[in-house]
There are 2 protein chains.
Amino acid sequence: MTTEEKIFNAARIIFQRKGFAGARMQEIADEAGINKAMLHYCFKNKQMLFEAVFMNAFSQLAPQINGIFFSQDSLFDKIRKFTHSYISFVILNPYLPAFIIQEMNNNPEFVMSFFKNENRPNPTILISQIEKEITDGIIKPINPKQLLMNIISMTVFPFAAQMLVKGMLQISDTEFYTMMEERKTSIAEQIINSIKR
Amino acid sequence: MTTEEKIFNAARIIFQRKGFAGARMQEIADEAGINKAMLHYCFKNKQMLFEAVFMNAFSQLAPQINGIFFSQDSLFDKIRKFTHSYISFVILNPYLPAFIIQEMNNNPEFVMSFFKNENRPNPTILISQIEKEITDGIIKPINPKQLLMNIISMTVFPFAAQMLVKGMLQISDTEFYTMMEERKTSIAEQIINSIKR
DNA sequence: ATCTTTGTTAACCAAATGGTTAAACCGTAT
DNA sequence: ATACGGTTTAACCATTTGGTTAACAAAGAT
């Protein structure tokens with residue numbers, strides 16, 4: 001593993017654990033097992049290092065979301081595949097959602113630029129598909145954006161608010177994990193149930 | 001307004017905007033329009049000031065959630081009332097959810113103590129009610145905790161991840177607000193639809 | 001062999017930041 | 001009026017923090 005990779009991985013761990021403001025360059029250097037000056041040698045400054053980490057995190061997560069937007073499946077299959085693959089991915093990267101949401105809220109201006117990128121999640125196709133399935137009588141009338149928000153909410157929230165959820169429902173890490181496994185399929189069925197005619 | 005109140009309000013604004021690590025004592029003093037030394041005169045130190053703000057925020061939000069747990073209504077009515085009253089409240093305090101979730105993730109140990117409090121949200125009654133309505137054949141079988149998670153997710157997530165949602169769906173502040181108003185009733189109907197026999 | 005480029009470090013620096021202090025201010029009881 | 005209590009401030013302090021520098025090592029290139 002190159003030094004740059006060591007730094008990057010260390011930075012990802014620390015930034016995801018403490019956020020941009022809470023992370024210390026020295027801590028990242030320690031985690032990487034190298035001298036602090038190397039951070040600035042490889043990544044100009046804290047902001048650049050952070051942007052590299054955030055950009056990477058976001059570009060890992062975005063395709064997971066894009067999956068639902070660009071396939072050829074029926075709406076129901078899209079929902080099933082999305083929740084399943086997204087939760088599978090996030091179980092392996094449980095800190096990503098909270099990290100992205102936190103930094104996005106703390107850094108709106110910088111981060112909104114991501115959504116002008118061509119690679120950004122683009123829901124327009126899915127929205128027109130929903131509208132079509134409504135007029136075709138396959139599903140009940142619903143505001144497509146609200147439906148989309150419901151899907152994302154049920155999928156992402158438990159991870160983003162992990163501590164809150166665990167504390168409120170008084171569940172352990174393993175029980176949480178079990179529930180997330182169950183959600184891979186249960187969310188989809190729940191949503192489909194609520195909209196199918 | 002007393003000086004202590006001025007400080008507290010300023011601290012709430014700054015902490016909610018930047019989080020504990022990102023907030024600067026000087027910034028809070030400026031926002032309050034007083035000298036920095038007063039912060040330490042009224043609230044010992046940054047940690048104490050933060051805990052006062054967080055405690056207050058949490059104790060405002062908790063009763064909103066407790067509402068759903070301790071009423072005598074039917075499950076469907078509980079869901080309707082909860083989503084409506086919770087969203088109404090959060091529209092007036094749109095930064096609360098993100099703030100609480102963020103600090104809860106960054107500060108698990110300190111914050112988990114809240115859930116040992118007697119005043120904590122306690123879902124056991126609601127969970128047994130759900131179990132009862134399942135055996136009574138009023139609703140379809142479902143893991144009660146999953147159902148609860150769904151309700152909370154759909155209600156809280158759009159606020160917690162406001163920037164993400166706005167960026168992804170490409171909606172303005174006003175459109176966001178309109179959608180949240182719509183959600184006051186639509187979430188409940190959505191969920192009820194998905195579980196009623 | 002030696003020069004040059006790249007990688008790496010210890011020591012250092014200036015600014016920022018949380019916190020302190022001692023003096024000033026101000027209403028009020030004597 | 002004055003002495004006294006709590007309140008407020010300007011100036012100050014110690015530490016932390018992001019960032020720099022200059023020397024050193026290692027690996028090719030000549």
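Chain A is the first sequence line, chain B the second, and so forth, proteins listed ahead of strands; every chain is numbered from 1.
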### Query
For R24(A) and N35(A), take the nucleotide of DNA chain D holding the closest heavy atom to each; which residue's nucleotide lies nearer the 5' end?
R24(A)
## Note on the structure
Atom CD of Q26(A) and atom C1' of dG19(D) are separated, to the nearest Å, by 12 Å
### Distance under 6.0 Å and angle within 45° of ring axis: K46(B) vs F20(B)
yes
### Task
May I have the distance from I28(A) (atom CD1) to dG19(D) (atom P), rounded to whole angstrom?
11 Å
#### Entry: Phosphate OP1/OP2 of dT8(D): any T3(B) side-chain N/O under 4.0 Å
yes
### Terminal contacting nucleotides, 5' and 3', DNA chain C versus chain A (heavy atom, 4.0 Å)
dT6(C) to dA10(C)
#### Entry: Earlier contact from the 5' end, DNA chain C, for F20(B) and G33(A)
G33(A)
### Task
Go through the steps to decide whether S153(B) and R183(A) satisfy the test side-chain contact (heavy atoms from CB on, under 4.5 Å), and finish with yes or no.
CA-CA 13 Å; S153(B) 296; R183(A) 277 178 96 70; 4.2 Å; yes
#### Entry: Heavy atoms from other residues, nucleotides or ligands near NZ of K44(A) exceed 12 (cutoff 6.0 Å)
no
### Query
For A21(A), which contact category applies under a 4.0 Å heavy-atom criterion: base, sugar-phosphate, or nothing?
nothing
### Query
Any ion pair linking D173(A) and K166(A) (charged N to carboxylate O, less than 4.0 Å)?
yes
### Message
Expressed as a whole number of angstroms, how long is the span from L39(B):CG to dT9(D):P?
### Response
11 Å
### Task
Please report, rounded to the nearest Å, how far the P atom of dT7(D) is from the CZ atom of F43(B).
13 Å
### Message
For E175(B) and K145(A): C-alpha separation, side-chain torsions, deciding distance, then whether salt bridge (charged side-chain N to carboxylate O under 4.0 Å, His left out) applies.
### Response
CA-CA 11 Å; E175(B) 193 173 352; K145(A) 287 179 181 171; 3.0 Å; yes
### Query
What is the distance, rounded to the nearest whole Å, between atom CD1 of I7(B) and atom P of dT8(D)?
8 Å
### Query
Of the candidate nucleotides dG19(D), dT21(D), dG6(D), which contains the atom at the shortest distance from the side chain of H40(A)?
dG19(D)
### Query
Does any donor-acceptor pair link the side chain of K46(A) with the base of dG19(D) at a separation under 3.5 Å?
no
### Query
In whole Å, what is the span from the NZ atom of K36(A) to the P atom of dA22(D)?
16 Å
#### Entry: Spacing of M25(B) atom CE relative to dC13(D) atom P, expressed in whole Å
20 Å
### Task
Nearest whole angstrom, please: distance from the C1' of dT16(D) to the CD of E27(A).
13 Å
### Query
For the residue pair P158(B) and F176(B), what are the closest heavy atoms and their distance?
O-CZ, 3.5 Å
### Task
Kindly write out the residues that satisfy salt bridge (charged side-chain N to carboxylate O under 4.0 Å, His left out) with E181(B), not counting sequence neighbours, or none if the list is empty.
K184(B)
